[in-house]
Amino acid sequence: KLLFDYFKDKKNFYCIDIGFKKFIKKNQGRMNFLNVLHGVCYIIKISFYLIYIRPLIVYISIAKAFPAFFKTSFIVIISKLIKAKVIGDLPGHTFYFLDSKGLNRWFGLFILKKIDLIRILGNETKQILNHFGLNKTRLMYNGVKVDTIPDVKRFNTLDIKIKFLYVGSLSQAKGVNYLIEGFNLLLEKYRNIELHLIGQWGENHFKNKVLNTFIGHDNKFHFHGLQIGPHKWEIFNYCHIYLHFSQMEGQSISILEALAMGMPVVATDAGATSLLVEDGCNGFIIGKKNIKQFVLRVSTLLNDHELIRGM
């Protein structure tokens, strides 16, 4: 959206808005009627503009899941037919279909090798793509626009209650089950803490499994759903510490937002996270699935309020 808003009025740039009016995370990459209809309309619309405008360069976000990637592949093919260069943006850790076998991976690699440059978020992603012979990559970090002023006075309330925050998909890939399990362990010792979560649930069975793990601590967990705009920043502004237990990551926008809001971050060493969080400086880096280390690092912060303020 930032790129769209920046370039839409620039000479020699043509920007096409193809986003959903209402985004539902659990439907992302799914083969359902709405996604298929959106995909067909997308292909027709973009193909028309490509043939009509005949751009020299096409910049496009490349989907990670195969159904959405298949839709994108038409745009890559048409772009190459009109002899345009294609710059692709990989917004995550990797392409999921690369781990599969058969036609999906073959077709995916065929299309990816047609792309002139793929923008990636971290060296871990670069290594994965290199393994599949995809060497035309460029490391370019994410950035965020914060639409509010951080309220530093909230750190004066640490002696009363310490509020933790997580923002992102409520899914197994993001380690929400480990986050809840670790926070339950912290609640056995610390009673003046609570966890706020912003985001949409993925699978219903995963949601039910996670929710069943904190019976008796209901008032310590606050689920806010998907939040965009002022209310999201309001929640950021009354929380003190950001937690991120992701098992698969590109370069987290929410971690960047938390750092911009002056919050120390405790996060797993997934993707390019260690490029954002300097262990012991603006937060702590922990191992994936390492709940013991998570509890230890968070306890260090809970036992030293000056450390929280300093970070």
Side-chain angles (χ1 to χ4, degrees), residues 2 142-170 174-176 178-200 214 217-246 249 251-268 273-286 291 293-311:
L2 290 174
N142 276 329
V144 293
K145 180 182 179 183
V146 176
D147 295 324
T148 189
I149 299 174
D151 182 11
V152 295
K153 292 181 179 179
R154 71 187 188 275
F155 292 103
N156 296 332
T157 64
L158 293 172
D159 294 328
I160 302 172
K161 183 176 286 186
I162 299 179
K163 299 177 181 180
F164 292 83
L165 176 64
Y166 164 76
V167 180
S169 171
L170 304 181
K174 296 299 181 179
V176 172
Y178 299 114
L179 175 60
I180 299 294
E181 184 178 345
F183 204 81
N184 273 323
L185 293 173
L186 289 166
L187 284 168
E188 294 177 4
K189 182 177 180 181
Y190 304 96
R191 302 303 301 170
N192 67 328
I193 62 173
E194 60 184 34
L195 176 59
H196 294 259
L197 300 98
I198 297 176
Q200 294 177 320
F214 60 83
H217 291 150
D218 300 45
N219 63 332
K220 299 294 185 179
F221 295 88
H222 303 271
F223 294 88
H224 298 276
L226 180 64
Q227 297 294 332
I228 299 173
H231 189 225
K232 182 184 82 168
W233 298 117
E234 180 184 336
I235 297 170
F236 264 96
N237 246 339
Y238 63 64
C239 290
H240 305 101
I241 300 171
Y242 186 82
L243 305 176
H244 205 80
F245 223 126
S246 181
E249 197 62 69
Q251 189 177 65
S252 170
I253 292 291
S254 56
I255 289 180
L256 281 167
E257 290 175 335
L259 293 171
M261 292 294 288
M263 302 168 68
V265 173
V266 180
T268 52
T273 301
S274 59
L275 297 174
L276 306 176
V277 181
E278 186 177 347
D279 191 52
C281 181
N282 57 358
F284 291 115
I285 293 292
I286 59 174
I291 296 175
Q293 190 181 20
F294 168 79
V295 172
L296 179 64
R297 293 305 193 194
V298 175
S299 296
T300 300
L301 291 170
L302 290 173
N303 294 329
D304 189 346
H305 293 177
E306 286 305 314
L307 181 60
I308 297 176
R309 295 186 182 99
M311 286 185 168

I would like to know whether Trp233 and Glu257 meet side-chain contact (heavy atoms from CB on, under 4.5 Å); could you show each step before the answer? CA-CA 9 Å; Trp233 298 117; Glu257 290 175 335; 3.7 Å; yes
Whether the Thr157 and Tyr238 side chains hold a donor-acceptor pair (N or O, under 3.5 Å, no angle test) is what I'd like checked. no
Just by modelled atom types, is the [Y] backbone N or O under 3.5 Å from a matching donor or acceptor in the [X] side chain?
X: Asp304; Y: Thr300; answer: no
X: Asp279; Y: Ile285; answer: yes
X: Gln251; Y: Asn142; answer: yes
X: Tyr242; Y: Val167; answer: yes
X: His222; Y: Asn219; answer: yes

Taking atom [atom1] of [X] and atom [atom2] of [Y], what is their separation to the nearest 0.5 Å?
X: Ile241; Y: Met263; atom1: CD1; atom2: CE; answer: 8.0 Å
X: Cys239; Y: Tyr166; atom1: SG; atom2: OH; answer: 14.0 Å
X: His196; Y: Lys163; atom1: NE2; atom2: NZ; answer: 5.0 Å
X: Glu181; Y: Phe294; atom1: CD; atom2: CZ; answer: 10.5 Å
X: Tyr178; Y: Ile291; atom1: OH; atom2: CD1; answer: 7.0 Å
X: Leu243; Y: Ile255; atom1: CG; atom2: CD1; answer: 10.5 Å

side-chain contact (heavy atoms from CB on, under 4.5 Å), paired with Asn237, selected from Ile149, Val152, Asp151: Asp151
Answer yes or no: is there a side-chain heavy-atom contact under 4.5 Å between [X] and [Y]?
X: Phe284; Y: Leu301; answer: yes
X: Glu249; Y: Thr268; answer: no
X: His244; Y: Ser254; answer: yes
X: Ile286; Y: Leu296; answer: no
X: Thr148; Y: Phe236; answer: no
X: Lys220; Y: Ile193; answer: no

Under the side-chain contact (heavy atoms from CB on, under 4.5 Å) rule, what do Tyr190 and Asn303 come out as? Steps first, then yes or no, please. CA-CA 10 Å; Tyr190 304 96; Asn303 294 329; 3.0 Å; yes
Minimum heavy-atom distance between [X] and [Y], given as atom pair plus value:
X: Arg154; Y: His240; result: O-NE2, 2.9 Å
X: Val295; Y: Gly182; result: CG2-O, 3.8 Å
X: Leu259; Y: Val265; result: CD2-CG2, 3.7 Å
X: Ser169; Y: Val176; result: O-CG2, 3.7 Å
X: Leu158; Y: Asn192; result: O-ND2, 4.0 Å
X: Pro264; Y: Met311; result: CB-CB, 3.6 Å

Measure the acute angle between the ring planes of Phe223 and Phe221, then classify it against the limits of 30° and 60° as parallel, tilted or perpendicular.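 Parallel: the ring planes of Phe223 and Phe221 meet at under 30°.
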How far apart are the C-alpha atoms of Leu179 and Lys174, what are their side-chain angles, what is the distance that settles it, and do they pass the side-chain contact (heavy atoms from CB on, under 4.5 Å) test? CA-CA 9 Å; Leu179 175 60; Lys174 296 299 181 179; over 6 Å; no
